[in-house]
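The block underneath contains the structure these notes are about, expressed in structure tokens.
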Amino acid sequence: MDGNGRWAKKRFLPRFFGHKAGADSLVRLIKVCQQRGVEYLTVFAFSSENWKRPEDEVSGLMGLVLVSVAKYLARLAGDNVRIVIVGDRDTVPERLRQAWADAEGRTRANTGLTLTVAFNYGGRWDVVQACRKLVREGLAPEQVDEAALARSMAMAHAPDPDLFIRTGGEMRISNFLLWQSAYAEFVFTDCLWPDFGPAELDAALAAYARRERRFGDVAPAQASRIAR
Ligand code: FPP
């Protein structure tokens, strides 16, 4: 969800207002995703590296999450959204841990869209914590395979992403879903996150629909030539 800071700057507002507009944009987009039949939506809200930001921005983001949970949880729960948080909870404030536990607990039985919020998350952190789990379980080296790692990862509750969207114009993945996005289709857009609405989502879905997914196989045109 990149571009909140620039969105605010364009309006001569402090960065926090960009994040606030970003949170509202997320809630609007969840509804649109449900209407489009999206079953899993995973958003990057705070990376393992975001602690490097100025202290007031970090505490502003933590506060915004608390306020957003209080403001939107009942509505999301009523809309049958299941909320899952992934990331290192050990180093986030206790109040936030409680808010996450509350959000997860109240929506656990929901069967609609699964909203995964990656908070204090990093793709590399996830690989490392999965390896640690396997070591703790006492797996022998030959028992460590892709399936064992995948089931130990924080994202084990969700299938690998089909579509990976980055807003804000940067062409990198910044440590998000490193393992899971091996075969994801990527859409990079200059649109700043608070401006990312139904039209931008539909454009990304249309781009995805035009892609040919091969998962390492040959292109169908080549395959028919090989068969002949
Ligand atoms: C990146 O934009 C955005 C973030 C680091 C924060 C994203 C968080 C939210 C949208 C709030 C989420 C709230 C809930 C309830 C999950 P940036 O600040 O790097 O923007 P810039 O590149 O324009 O400076």
Side-chain angles (χ1 to χ4, degrees), residues 1-7 10 18-47 68 72 75-87 103 107 110-119 121 123 126 150 153-223:
M1 298 189 286
D2 198 13
N4 297 341
R6 279 164 286 163
W7 184 93
K10 271 170 63 179
H19 295 314
K20 192 170 169 301
D24 295 337
S25 173
L26 170 61
V27 174
R28 281 194 303 270
L29 205 74
I30 292 167
K31 191 91 200 160
V32 183
C33 283
Q34 286 178 303
Q35 288 161 353
R36 303 292 186 270
V38 172
E39 291 174 2
Y40 291 85
L41 173 66
T42 303
V43 293
F44 205 1
F46 192 86
S47 80
S68 302
Y72 294 118
R75 188 203 299 182
L76 294 174
D79 284 347
N80 201 19
V81 173
R82 173 172 71 127
I83 299 175
V84 179
I85 315 302
V86 293
T107 63
N110 284 354
T111 53
L113 178 143
T114 296
L115 169 70
T116 304
V117 179
F119 198 94
Y121 167 92
D126 199 8
M153 303 199 73
M155 287 299 300
H157 64 284
D160 286 349
D162 293 310
L163 174 59
F164 184 123
I165 303 172
R166 178 166 186 153
T167 58
E170 308 289 358
M171 305 274 260
R172 55 176 172 258
I173 62 174
S174 301
N175 203 12
F176 192 42
L177 303 180
L178 292 184
W179 172 275
Q180 296 82 1
S181 62
Y183 286 101
E185 296 294 331
F186 286 77
V187 167
F188 294 98
T189 168
D190 289 336
C191 181
L192 304 176
W193 173 254
D195 294 327
F196 192 87
E200 289 72 22
L201 178 69
D202 286 341
L205 292 173
Y208 172 79
R210 290 192 296 272
R211 303 278 174 89
E212 186 183 274
R213 303 190 76 191
R214 302 211 299 267
F215 300 95
D217 202 350
V218 290
Q222 273 175 290

query: After noting the C-alpha distance and the side-chain angles of Met155 and Thr116, does the key distance pass the side chain to side chain contact (heavy atoms under 4.5 Å, CB included) rule?
result: CA-CA 9 Å; Met155 287 299 300; Thr116 304; 3.8 Å; yes
query: Once you round to the nearest 0.5 Å, how far does CD1 of Ile30 lie from CG of Leu115?
result: 4.5 Å
Exercise: do Asp195 and Trp7 side chains pair donor with acceptor under 3.5 Å: yes
query: From Gln180 CD over to Leu178 CG, what is the distance, rounded to the nearest 0.5 angstrom?
result: 8.0 Å
query: Please walk me through it: do Arg36 and Leu205 pass side chain to side chain contact (heavy atoms under 4.5 Å, CB included)?
result: CA-CA 9 Å; Arg36 303 292 186 270; Leu205 292 173; 4.1 Å; yes
task: Compare every heavy atom of Asp2 with every heavy atom of Glu170, then report the nearest pair and how far apart it is.
output: CG-OD2, 3.5 Å
Atom pairs and distances, side-chain donor-acceptor, residues 184-194, under 3.5 Å, sequence neighbours left out:
from, atom 1, to, atom 2, distance (Å)
Glu185, OE1, Arg211, NH1, 3.1
Thr189, OG1, Cys191, N, 3.0
Trp193, NE1, Gly22, O, 2.9

- prompt: With side chains defined as the heavy atoms from C-beta onward, is the minimum distance between Asp79 and Lys31 less than 4.5 Å?
  reply: yes
field: Whether Asn110 side chain and Val81 backbone form a donor-acceptor pair below 3.5 Å
entry: yes
message: Using a 3.5 Å distance criterion without hydrogens, assess whether the side chain of Arg82 forms a donor-acceptor pair with backbone atoms of Leu113.
response: no
field: For Pro161 against Leu177, the heavy-atom pair lying closest together
entry: CG-CD1, 4.1 Å
- request: Could you tell me whether the side chain of Asp160 and the main chain of Ser181 form a donor-acceptor pair under 3.5 Å?
  value: no
- prompt: So, Ser47 and Asn175: side-chain donor and acceptor under 3.5 Å apart, yes or no?
  reply: no
- prompt: Between the main-chain N or O of Ala21 and the side-chain N or O of Ser25, is there a donor-acceptor pair closer than 3.5 Å?
  reply: no
- request: Measure the spacing between CD of Glu39 and OG1 of Thr114 and express it to the nearest 0.5 Å.
  value: 8.5 Å
task: Would you give the length of the straight line joining atom CG of Leu41 to atom CD1 of Ile165, rounded to the nearest 0.5 angstrom?
output: 8.5 Å
query: Between Phe44 and Phe119, is the ring centre distance below 6.0 Å?
result: no
Min side-chain heavy-atom separation Val86-Met153 under 4.5 Å: no
- prompt: In terms of side-chain heavy atoms, does Tyr72 have a donor or acceptor partner in Asp24 at a distance below 3.5 Å?
  reply: yes
- request: Evaluate side chain to side chain contact (heavy atoms under 4.5 Å, CB included) for Ser68 paired with Lys20, printing each intermediate quantity in order.
  value: CA-CA 9 Å; Ser68 302; Lys20 192 170 169 301; over 6 Å; no
